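In what follows, chains carry the letters A, B, and so on, assigned in the order in which the sequence lines appear, proteins first and then strands, with residues in each chain numbered from 1. Computed from a prediction, not measured in an experiment: that's the story for all the values here.
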Amino acid sequence: MTIASQIKHAAEDALKNLYPGVAIDISMIGVNQTKPEFAGDYTIVLFPFLKLLKQKPDIIGKQLGDYLLQKNELFSSYEIVSGFLNLAVKDTWWVSFLMNHFTDAHYGEKSKADRRVMIEYSSPNTNKPLHFGHLRNNFLGAAMAEILKATGNQVVKANLINDRGIHICKSMVAWMKFAHGATPESTGIKGDHLVGDYYVKFNDEYKQEIAALTARGMDEKMAEKEAPIMRDAQDLLRKWEAGDTEVRELWQMMNGWVYKGFDESYKRLGISFDKVYYESDTYLLGKKIVEEGLRKKVLFKKEDGSVWIDLTDEGLDQKLLLRGDGTSVYMTQDLGTAKLKYDEFKLNQSVYVIADEQNYHIQVLKLIMKKLGEPCADGIYHLSYGMVELPTGKMKSREGTVVDADDMVSEMINLSKEQTETSGKTEGFSADELVKLYETIGMGALKFYLLRVDPKKKMIFDPKESIDLHGYTATFIQYAHARICSILRKENIPLSPDCTKFQSFVQTSELAPLEKKIILALEEYPLILSEAADGFNPSSICNYSFQLAQMFNTFYDAHSISKAESDEKKQLRLMIIIMTASVLRHAMHLMGIKLPEKM
RNA sequence: GGCCCGGUAGCUCAGCUGGAUAGAGCACCAGCCUUCUAAGCUGGGGGUCAUUGGUUCGAAUCCAAUCCGGGUCACCA
C-alpha cells in the first residue's frame with residue numbers, strides 16, 4: 001500500500017474514533033503531497049469535514065493531528081495552515097522504505113494475475129514503408145505491452161498485417177508497368193521503400209490519366225473510375241480474390257520484399273510481436289458472424305443483397321457489413337478477427353492501438369459484437385491516439401509528404417553522434433561502443449519524443465527544428481543515469497548490489513530536504529506505474545522519469561556522495577542513487593529506452 | 001448538420017477523479033566547471049488557463065452555452 005493511502009486510512013480511522021456516529025467516507029479524505037513552501041510531507045485537506053463535524057478547521061486539524069501522532073507510528077509532527085493539516089512522516093519510515101526496496105530490480109511491479117490482454121499495434125499496410133506516424137503507433141503499443149506486463153497482466157503482442165486489398169494492387173500495377181523487373185537486390189533499395197516508390201508512381205500516373213480524361217470533357221468522378229491504371233488495379237484485385245496463380249505469385253514476391261524491409265525496421269526500432277495475423281488469412285472470417293447475425297435478426301438484408309446493421313437507436317447510423325455481391329468490407333474482417341483473437345487466447349481484454357480517425361469504426365465494431373452477443377465485445381478497448389502532423393498539415397504517402405521512419409531513425413542517430421563529438425565526450429570509448437552509444441541516444445530521443453505526449457493528443461512535428469537532446473528528453477534521463485553509474489563505478493558498487501551491502505546501516509541524522517524529496521518520489525513509482533496502466537498512458541511515466549532525473553541532478557549538484565560529510569550520509573546517498581538509477585532503468589525499459597552506463 | 005476529441009507562457013507540453021501563490025522544457029537574460037560526467041545546476045522576465053454563465057467554503061479541473069481547430073458519419077481501408 002502506498003504511503004498516501006496508508007495516511008488516508010489512518011485519517012479515516014481517526015475521524016471515526018474522534019467523531020463516532022458521523023458518517024465519514026474515505027472518498028472525502030483528500031491526501032496530497034505537501035507544497036514545498038510548507039513544512040511536512042503529506043497534507044490532509046480539512047474543508048470537506050467542516051459542515052459534517054460542525055467545527056472550525058483549526059479544531060478538527062488539532063484533534064486529527066494529535067490523534068494521528070499519538071496512535072500512529074508513521075508521523076513525527078504536524079502543522080495546521082489555514083485549513084490544511086500538514087503531516088510529517090518520520091525519517092525512520094522513509095529510511096526503512098529505502099532499505100527495503102533499493103536493490104529490488106522489479107520494484108513497482110504487480111504480481112502476475114490470470115488476466116490475459118492482447119494488444120494489437122503497428123498493423124502496417126504492405127504497400128509502403130513505415131512513416132513517422134507509424135512510429136508513434138509502434139512505440140505506444142510496445143510501451144503499453146510492457147506496462148501491462150509490469151502491472152501483472154499476461155500480454156500477447158499482436159500485429160495484423162494488411163497485406164491484401166486495392167492498395168497493394170496499386171503498387172503491383174505500377175511495378176508491372178514501370179519497374180522493368182527491378183528488385184531490391186537489383187536496385188539496392190530496401191524492399192518496403194521500393195514497393196512504396198511504385199505506390200507513389202501509381203498515384204502520379206493516376207493523376208495524369210485523370211487530367212487527360214477530364215481534358216477530353218469527362219467529369220472528374222467518372223474519370224477517377226475510368227482511368228485505365230485504376231481499372232488495372234481493380235482487375236488485379238479481382239484476380240487476386242479469384243486466386244489467379246500469376247497474380248498471387250507477384251503479390252507474394254512484392255510482399256516478401258516489404259516484410260524483409262519491415263523486419264529490418266522493426267529490429268532497429270526494438271519492436272517485436274508474439275502473434276502475427278495476415279489480413280489475407282482473416283478477411284473472410286467475418287462472413288459467418290454476419291450470417292449468424294442475420295439469423296438472429298440483429299442484422300438485415302437490403303433488396304440488393306447487402307447486409308447492414310441499424311445503429312440509429314444508439315445515435316449512430318446504419319453500417320454496411322457485407323457488400324451486395326457478398327464480398328466482405330473492412331468491418332466484416334474486423335468482426336471475424338475480433339472473435340478469432342478472443343477464441344484463440346481467451347482474452348479478458350483486447351486492445352487496439354489505432355489512430356483516432358478510426359474512433360467511430362471501433363465504436364461500431366464493439367457495438368455490433370455486443371448486439372450479436374459475442375463475449376469478446378466487453379473486452380474491446382480502443383487505445384486511440386492523435387495523428388502526427390507536419391506544420392503543413394497531414395502526412396500523405398500518396399503525395400510523398402511523409403517523414404520516413406527509417407530516415408528519421410538515421411537522422412536521430414546522426415544527431416546524437418554530432419552532439420557527442422562536438423561536446424568531446426567520445427573519450428574512453430571503442431569504435432564499437434560509440435556506435436552502440438549513438439544508437440542508444442538517438443533511438444531513446446526518438447521514442448521519448450513520441451511517448452512523452454498524452455496519446456490522445458495530436459502532435460505537430462517540425463522536421464526542420466528536428467529533435468533536441470536537451471531538457472525534457474530521454475538524453476536527460478540517460479545522462480542522470482550515466483552520472484550515477486560513474487559514481488558507483490568509483491565506489492566499486494555493482495549496478496545491482498547484493499542486499500547485504502548496506503544492511504548494517506543505522507540512521508542517526510536527519511534526512512536533508514533533497515534526500516527526502518527523492519525518496520518520496522521513489523515511493524510514488526508503483527502508483528505512477530499503475531496509473532499509466534489504467535489510463536493507457538505511457539506519457540505519465542516519461543513525465544515521472546524526467547522529474548526524478550531532475551531531482552537527482554539537483555541533488556547531485558548540492559550534495560557530494562563520495563565525499564559526503566559522514567560515512568552514514570554516504571551510505572544513505574548511495575542507497576538513494578542506486579534506487580534512483582534502478583527505477584529510471586525500469587521505467588525507461590518499459591518505454592523501450594536503454595540507459596547507458598557511460599555517455 | 002449528428003456524434004467524438006482538443007483549446008493552459010512566444011513555441012512544445014504537464015497539471016484535469018475540485019484544494020494553498022497554475023508548473024516543466026525550448027527560446028531569451030544573468031550567474032555556476034583546480035571538487036562524484038556542465039548533454040548539468042541556480043536565478044530572472046514571460047499567463048484574461050478560448051469566452052460567458054452556473055455549482056461550491058474553494059474551479060484550469062465539474063455542469064451548460066458559445067467561439068475556434070481537428071476527426072468522423074462510404075458497397076474505401
Practice problem: Return the set of residues passing side chain to side chain contact (heavy atoms under 4.5 Å, CB included) with A:Leu50 (not counting sequence neighbours), or none when no residue passes. | Solution: A:Phe47, A:Pro57, A:Ile60

Exercise. Could you tell me whether A:Met387 contacts a base, only the sugar-phosphate backbone, or nothing, with contacts defined as non-hydrogen atoms closer than 4.0 Å?
Key: nothing

Quiz item: Given atom CE of A:Met459 and atom P of B:G6, what is their separation to the nearest angstrom?
Solution: 17 Å

Tabulate atom names and distances for all N/O pairs under 3.5 angstrom spanning the protein and nucleotides 67-74 of chain B.
unit_1, atom_1, unit_2, atom_2, d
B:C73, O2', A:Asp317, OD2, 2.2

Exercise. Return the value, rounded to whole Å, for the distance between atom CG of A:Leu488 and atom P of B:U37.
Key: 11 Å

Quiz item: Atom CD of A:Gln419 and atom P of B:A39: how far apart are they, to the nearest Å?
Solution: 10 Å

Exercise. Would you indicate what A:Leu322 reaches in the nucleic acid, counting non-hydrogen atoms under 4.0 angstrom: base, sugar-phosphate, or nothing?
Key: nothing

Practice problem: Just call it for A:Lys425: base, sugar-phosphate, or nothing, with non-hydrogen atoms closer than 4.0 Å on any strand. | Solution: base

Exercise. Under 4.0 Å between any heavy atoms, over every strand shown, what does A:His559 touch: base, sugar-phosphate, or nothing? Just pick one.
Key: base

Please set out all donor-acceptor pairs under 3.5 angstrom arising from side-chain atoms of residues 546-555 of chain A, sequence neighbours excluded.
unit_1, atom_1, unit_2, atom_2, d
A:Gln547, NE2, A:Asn543, OD1, 3.3
A:Asn553, OD1, A:Arg483, NH1, 2.7
A:Thr554, OG1, A:Gln550, O, 3.1

Self-check item: Pairs flagged by salt bridge (charged side-chain N to carboxylate O under 4.0 Å, His left out) wherever residues 320-334 of chain A is involved - sequence neighbours left out
Solution: none

Practice problem: Starting at atom NZ of A:Lys570, determine the distance to atom P of B:U35, rounded to an integer number of angstrom. | Solution: 18 Å

Self-check item: Straight-line distance of A:Ile26 CD1 to A:Ser5 OG, nearest 0.5 Å
Solution: 8.0 Å

Exercise. Can you tell me which residue pairs pass the salt bridge (charged side-chain N to carboxylate O under 4.0 Å, His left out) test with a partner in residues 555-575 of chain A, sequence neighbours excluded?
Key: A:Glu491-A:Lys570, A:Glu515-A:Lys569, A:Glu515-A:Arg573, A:Glu565-A:Arg573

Practice problem: Tell me, please, which residues at least two apart from A:Lys370 pass side-chain hydrogen bond (donor to acceptor under 3.5 Å, both in side chains). | Solution: A:Asp378

Exercise. Select base, sugar-phosphate, or nothing to describe what A:Gly324 touches, counting heavy atoms under 4.0 Å on all strands.
Key: base

Practice problem: Spell out, as yes or no, whether a donor-acceptor pair under 3.5 Å connects the side chain of A:Thr473 to the backbone of A:Phe476. | Solution: yes

Quiz item: Which letter, B, S or -, goes with each nucleotide of nucleotides 18-24 of chain B from 5' to 3', with contact meaning a protein heavy atom under 4.0 Å?
Solution: -BB---S

Quiz item: Could you give the CG-to-C1' distance, from A:Leu365 to B:A77, as a whole number of Å?
Solution: 14 Å

Quiz item: How would you list all residue pairs meeting salt bridge (charged side-chain N to carboxylate O under 4.0 Å, His left out) that involve residues 31-43 of chain A, not counting sequence neighbours?
Solution: A:Asp41-A:Lys516

Quiz item: Does any N or O in the side chain of A:His382 come within less than 3.5 Å of the main-chain N or O of A:Ile354, such that one atom is a donor and the other an acceptor?
Solution: yes

Quiz item: Among all residues two or more places apart in sequence or in another chain, which pass the side-chain hydrogen bond (donor to acceptor under 3.5 Å, both in side chains) test with A:Tyr438?
Solution: none

Exercise. List in chain and number order the residues that pass side-chain hydrogen bond (donor to acceptor under 3.5 Å, both in side chains) with A:Asp163, two or more places apart in sequence or in another chain; answer none if no residue qualifies.
Key: A:Ser280

Quiz item: Looking for any heavy atom pair under 4.0 Å, which part of the strands does A:Thr420 touch: base, sugar-phosphate only, or nothing?
Solution: base

Quiz prompt | Syn or anti for B:C33 (syn when the glycosidic angle lies within 90° of 0) | solution = syn

Quiz item: Checking all strands, does A:Asp454 fall into the base, sugar-phosphate, or nothing category for heavy-atom contacts under 4.0 angstrom?
Solution: sugar-phosphate

Exercise. Can you tell me which stems RNA chain B forms, taking runs of 3 or more consecutive Watson-Crick or G-U pairs with both distances under 3.5 Å?
Key: B:1-7 with B:67-73, B:10-13 with B:23-26, B:28-32 with B:40-44, B:50-54 with B:62-66

Quiz item: Heavy atoms under 4.0 Å, any strand shown: does A:Tyr330 hit a base, just sugar-phosphate, or nothing?
Solution: base

Quiz item: Does A:Thr554 put a side-chain nitrogen or oxygen below 4.0 Å from OP1 or OP2 of B:U42?
Solution: yes

Practice problem: Name all residues meeting the ring-ring contact (aromatic ring centres under 6.0 Å, His included) criterion together with A:Tyr277; count only those two or more places apart in sequence or in a different chain, and write none if there are none. | Solution: none

Self-check item: Distance in angstrom units between A:His470 NE2 and B:A38 P, rounded
Solution: 14 Å

Quiz item: Is A:Glu279 touching bases, backbone alone, or none of the nucleic acid, heavy atoms closer than 4.0 Å?
Solution: sugar-phosphate

